[in-house]
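Only a predicted model underlies this, so the values are computations on that prediction, with no experimental measurement involved.
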Amino acid sequence: MAYVVPAPAIVSLPVVGSADRFPVRRVYCVGRNYEAHAKEMGFTGREPPFFFLKPADAVVPVPAGSVGEIAYPSLTKDLHHEIELVVAIGQGGRDIAVADAAKHIYGYAIGLDMTRRDLQGEMKKQGRPWCIGKGFDQSAPIGPVTPIAKSGEITKGAISLTVNGASRQASDISMLIWNVNEVIAHLSAAWELAPGDLIMTGTPEGVAAVVRGDRMHGEIAGLGALDVAVR
């Protein structure tokens with residue numbers, strides 16, 4: 001088949017223990033899914049989960065043992081880091097039951113939901129969509145996918161982020177308000193999930209700004225580390 005313009009490249013992530021790669025279809029993100037982070041953003045309680053999306057080509061694949069690079073984005077003076085557990089979907093479905101959700105997981109990765117916080121805040125004030133604050137170029141650096149067959153189901157474990165060696169975020173996956181299986185169930189009621197989908201499951205407290213020259217180091221127990229520099 002011929003196309004009238006060049007077809008976009010398939011975005012993909014490396015897979016631990018394999019030469020094959022995980023192709024990215026969609027990137028779903030869960031908002032305010034740690035209580036302490038919800039509070040630091042001015043909210044309280046266990047609200048129903050809500051979601052936003054990033055384009056697949058916002059993903060910056062970061063191979064194991066390397067330092068990824070992202071450019072400081074345009075239009076903002078307040079770029080924030082958000083360390084997150086990323087879930088890679090291997091089996092699609094709609095209206096997936098919580099009890100069956102783990103069967104749909106291919107694996108897990110470490111990711112950063114980079115946010116133009118000032119632009120997001122301004123859009124919120126105006127009651128407008130805040131895609132400009134979340135879905136910009138290079139806004140989702142993500143490390144290799146570890147298959148669930150290697151990691152087991154991840155329901156707990158330390159999640160942390162340092163910037164230039166100083167601690168910024170530190171929590172535990174068990175502190176998710178809506179756990180991974182519940183998130184999959186809620187998402188699949190709104191969209192039909194498909195192989196290649198990624199779910200960024202939310203960030204703990206401690207989000208803050210980074211500037212050019214900063215280096216972020218994220219870790220999640222059992223998944224290794226993710227290193228990203230801002231240039």
Side-chain angles (χ1 to χ4, degrees), residues 8-9 11-14 21-22 24 27-34 36-37 40-41 52-88 108-124 129-146 158-171 198-221 223-231:
V11 178
S12 64
L13 294 170
R21 297 178 68 89
F22 183 88
V24 179
V27 183
Y28 297 98
C29 305
V30 188
R32 298 197 297 262
N33 202 24
Y34 285 81
H37 173 58
E40 76 178 351
M41 298 300 289
F52 58 93
L53 288 90
K54 290 177 182 275
D57 62 3
V59 171
V60 178
V62 181
S66 67
V67 179
E69 285 194 351
I70 59 171
Y72 195 93
S74 61
L75 303 179
T76 185
K77 295 181 179 178
D78 196 21
L79 177 67
H80 279 209
H81 57 72
E82 298 189 7
I83 186 73
E84 309 206 5
L85 172 68
V86 180
V87 177
Y108 305 92
I110 307 172
L112 283 165
D113 169 15
M114 302 305 296
T115 303
R116 295 193 280 203
R117 190 72 71 200
D118 46 358
L119 300 186
Q120 182 193 30
E122 184 59 32
M123 293 300 102
K124 285 182 177 180
W130 32 272
C131 306
I132 194 170
K134 287 287 192 179
F136 54 93
D137 297 340
Q138 299 186 332
S139 61
I142 299 175
V145 176
T146 298
I159 177 172
S160 63
L161 182 83
T162 63
V163 176
N164 303 327
S167 178
R168 289 280 186 91
Q169 295 183 264
S171 187
L198 298 177
I199 305 171
M200 304 189 77
T201 58
T203 195
E205 70 277 14
V207 300
V210 289
V211 298
R212 289 181 179 88
D214 281 349
R215 178 165 167 173
M216 298 171 285
H217 176 83
E219 294 186 8
I220 295 178
L223 298 181
L226 172 69
D227 287 282
V228 178
V230 184
R231 56 176 173 80

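For the atom pair Ile110 CD1 and Leu161 CG, the distance stands at 10.0 Å (nearest 0.5 Å). Interatomic distance, Leu75 CG to Arg116 CZ, rounded to the nearest 0.5 Å: 5.5 Å.
A 4.5 Å side-chain heavy-atom check between Leu223 and Leu85 finds at least one atom pair inside the cut-off. Looking at heavy atoms from C-beta onward, Thr115 lies out of side-chain contact with Leu79 at the 4.5 angstrom threshold.
Asp227 has a carboxylate O that lies under 4.0 Å from a charged side-chain N of Arg215, or vice versa, which qualifies the two as a salt bridge. With respect to Lys134 and Asp113, a salt bridge is recorded, a charged nitrogen being found less than 4.0 Å from a carboxylate O. Using a 4.0 Å cut-off between charged side-chain N and carboxylate O, Glu82 and Arg117 make a salt bridge.
In terms of the side chain to side chain contact (heavy atoms under 4.5 Å, CB included) criterion, residue partners of Ile70 (sequence neighbours excluded) are, by chain and number, Val60, Met114, Gln138, Pro141, Met216, Val228, Val230.
Judged by distance alone, the side chain of Arg168 and the main-chain N or O of Gly206 form no donor-acceptor pair under 3.5 Å. For Ser12 (side chain) and Arg21 (main-chain N/O), no donor-acceptor pair under 3.5 Å exists by modelled atom type. At distances below 3.5 Å, not a single donor-acceptor pair connects side-chain atoms of Lys124 with backbone N or O atoms of Trp130.
When all heavy atoms of Ala209 and Asp78 are compared, the pair lying nearest together is CB-OD1, 3.6 Å.
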